[in-house]
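In what follows, a structure is listed as structure tokens, so that the remarks can point back to it.
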2 protein chains.
Amino acid sequence: MADAVVAQDGGAPGEDPRDTYVRQVAAYWERGGLTHAAGLILGYLSICEPAAETQARIASALRLSAGSVSTQLRQLTQIGMVERVRLPGERSARYQVPQDMWTEMMATEDQRIAGLRVLADAGAAVMPAERPDRIHSLDLMVRFWEAEWPATRRRLAAFLAKEMP
Amino acid sequence: MADAVVAQDGGAPGEDPRDTYVRQVAAYWERGGLTHAAGLILGYLSICEPAAETQARIASALRLSAGSVSTQLRQLTQIGMVERVRLPGERSARYQVPQDMWTEMMATEDQRIAGLRVLADAGAAVMPAERPDRIHSLDLMVRFWEAEWPATRRRLAAFLAKEMP
DNA sequence: CAGAGTTTTCAGGTATGACTGAAATATGGC
DNA sequence: GCCATATTTCAGTCATACCTGAAAACTCTG
């Protein structure tokens, strides 16, 4: 089996550009709050062949334990960056990056805005006398995005519809 | 001194609504990658009077060590959520939430987009034969935001100019 | 239903990093 | 330039959470 993407045993490490890419993705998402293992899985699932892999194959490719892979895949599935699919006649489930992952990701932006809305309202109840802008500016920002986001998402949908092959 | 915001010693905890707010802000930003201490400082600096406080006052109000406050303030200053100001004739520096913090925050969005651009380009070099959309869709998303963001920022600037008192 | 294979759960080891407290350094007023 | 004070640095402690490995639970094929 010559198509080992990440789990090369010896040899010069990082020689395979795909291996480099996997680590690069992991590094990026690690800054975004994911664990290292989750980032590795995400990177691997972005370039592996076939696109949908079993837990066992992911574990061996990335040299992670079965437990880690199980846990991280559940997290990734929960936040919508990975989806579980079943192929007929196959005992094991497969996991893959959803076709519309980024669209789904963008959809969660609503929740982030809602979270800031809660903060802005809570702030209004403790408005300081001096520099009330400290609280007020957050409210402005939230109001802007509440107004802006629906149209932005429509433009995104239109853009994707036009550019998708 | 009856205006202790967070550092009440005894009594029912969380009675002061400002204390509740500080913890609420801390909880929110903790999910956003900041430390608990940084979140507390951010919440405190959003409602304290006066708006600009010394490290010593922040530390005693939040019951944090001087070291923690020093470290966290540096981090917060670095990412632009806090600014250091000096008052004439005062030995100690003061720290406050900048007037235009959210505008500054939005400006860093460019860098996040640039970070994804790097990832998208690196992905192009390891394009999988099956489901190339896994790499391609990221590129699309980045291209959308690279095109969209300048106009969005202009609209934000116009909105703030109109709404600011 | 049996049973192999898959997935989840969980306790334990480990690493990471936040917080503290004190010492060292830097700073501004005199 | 001196000195009190503010700030930073840093080693040590502690908490958190990741990862592993194995056992338990589950699931699907035959």
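Residue numbers begin at 1 in each chain, while the letters A, B, ... track the order of the sequences. Below, each value reflects all heavy atoms present in this structure, side chains not excepted, and no hydrogens, waters or symmetry copies.
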Rounded to the nearest angstrom, tell me the gap between atom CZ in B:R94 and atom C1' in D:dT7. 16 Å

Take the protein atom CG of A:L64 and the nucleotide atom C1' of D:dG21, then report the distance between them rounded to whole Å.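 My rounded result for the distance is 14 Å.
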
All heavy atoms of B:W145 vs all of A:M106, minimum pair found to be NE1-SD, 3.7 Å

Report the C-alpha separation of B:V22 and B:L62 in whole Å, then their side-chain angles, then the decisive distance to 0.1 Å, and conclude whether the side chain to side chain contact (heavy atoms under 4.5 Å, CB included) test is met. CA-CA 9 Å; B:V22 168; B:L62 299 174; 4.1 Å; yes

Distances under 3.5 Å between protein N/O atoms and the N/O atoms of nucleotides 27-30 of chain D, please, pair by pair.
| residue | atom | partner | partner atom | Å |
| --- | --- | --- | --- | --- |
| D:dC28 | O2 | A:R91 | NH1 | 3.1 |

I'd like the 5' and 3' limits of the part of DNA chain C contacted by chain A, with heavy-atom contacts below 4.0 Å. C:dG3 to C:dT9

Check this one for me: any side-chain N or O of B:S92 less than 4.0 Å away from OP1 or OP2 of D:dA6?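 For D:dA6, neither OP1 nor OP2 has a side-chain N or O of B:S92 closer than 4.0 Å.
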
Using a 4.5 Å cut-off on heavy atoms from C-beta on, say whether the side chain of [Y] contacts that of [X].
X	Y	value
B:W102	A:L116	yes
B:I135	A:Y21	yes
A:L156	A:T152	no
A:M141	B:M105	no
A:E104	A:P98	no

Give the residues of residues 24-35 of chain B touching DNA chain C, defined as any heavy atom closer than 4.0 Å, sorted by residue number.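 The answer is B:T35.
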
Which value, rounded to the nearest 0.5 Å, describes the distance between [X] atom [atom1] and [Y] atom [atom2]?
X	Y	atom1	atom2	value
B:T108	B:R112	OG1	CZ	7.5 Å
A:R117	A:D139	CZ	CG	5.0 Å
B:I41	B:Q75	CD1	CD	10.0 Å

With no hydrogens and no angle check, just 3.5 Å: does a side-chain donor-acceptor pair link A:T35 and A:Q72? yes

Using a 4.0 Å heavy-atom cut-off across all strands, classify A:Q72 as base, sugar-phosphate, or nothing. sugar-phosphate

SB check A:R143 B:E163 (cutoff 4.0 Å): yes

Decide, yes or no, whether a salt bridge links A:R153 with B:E148 under the criterion of side-chain N to carboxylate O below 4.0 Å. no

Note down the inter-axis angle between the two ends of the helix from C:dC1-D:dG30 to C:dC30-D:dG1, five pairs each, to the nearest 10°. 50°

Table of protein N/O atoms under 3.5 Å from nucleotides 8-14 of chain D N/O atoms:
| residue | atom | partner | partner atom | Å |
| --- | --- | --- | --- | --- |
| D:dT8 | OP2 | B:Q55 | NE2 | 2.8 |
| D:dT8 | OP2 | B:S70 | OG | 2.8 |
| D:dT9 | OP2 | B:R74 | NH1 | 3.4 |
| D:dT9 | OP2 | B:R74 | NH2 | 3.2 |

Applying the 4.5 Å side-chain criterion to the ILVMFWY set and letting contacts propagate, would B:W149 and B:V118 be lumped into a single cluster? no

Strictly by salt bridge (charged side-chain N to carboxylate O under 4.0 Å, His left out), give each pair with a member in residues 68-93 of chain A just once, sequence neighbours left out. A:E90-A:R94

